[in-house]
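Read the structure below first, then the notes.
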Amino acid sequence: MDVSALLEAARRASTRAYAPYSKLRVGCVIESADGELFAGCNVENASYGLTICAERAAICAAVAAGARSFRRIGLYSSAKRLITPCGACRQVLAELAPKAQIWMTCANGEKRRRSVSQLLPDQFSKDGWK
Ligand code: THU
């Protein structure tokens, strides 16, 4: 699957966001080592801090379906400018998808790629300093 198709799947996931408070729709797809895609979107709550980001929703869906090894992540937000995963999502991605490449896009069509370790250098991990 090419990067545009990955990002289009992320955009489609964003259409299912539940975001009545921020109005920002975020969609994420995680591609497993064997090419399966798992989608997530942000799910907000009236108690704002309980909001779940698209990235964590996607990775939880993937793990629940039995996937454990991931190669790429597509992230789309309805914002006019690119967003990157929040700090909490970076830590979760570092745990479960440490080797993944993250492709990001937004409503203006701009694309950018980062590795998980670029986004979270010197991460806390069960294996100590990496
Ligand atoms: N959000 C995500 O889904 N992923 C991110 O990486 C950043 C933020 C969501 C959470 C909330 O629903 C909205 O975007 C505004 O913060």
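All ligand and atom numbering here is 1-based and tracks the order in the structure.
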### Task
State which residues pass side chain to side chain contact (heavy atoms under 4.5 Å, CB included) with C89; sequence neighbours excluded, sorted by chain then number.
C53, E55, R56, P85, C86
### Query
Which residue pairs satisfy the salt bridge (charged side-chain N to carboxylate O under 4.0 Å, His left out) criterion with at least one member in residues 62-73, sequence neighbours excluded?
E31-R71, E31-R72
### Message
Could you check whether E44 and S22, counting side-chain N and O atoms only, form a donor-acceptor pair closer than 3.5 Å?
### Response
yes
## Note on the structure
Lining ligand 1 at under 4.0 Å, by non-hydrogen atom distance, are residues S22, L24, V26, N42, E44, T51, C53, A54, E55, T84, P85, C86
### Task
Not counting sequence neighbours, list each pair that qualifies as a ring-ring contact (aromatic ring centres under 6.0 Å, His included) and has a residue in residues 44-74.
Y21-Y48
### Query
Does E110 offer a backbone N or O that forms a donor-acceptor pair with the side chain of T105 under 3.5 Å?
yes
### Message
Measuring only between side-chain heavy atoms, which start at C-beta, is V26 closer than 4.5 Å to S14?
### Response
no
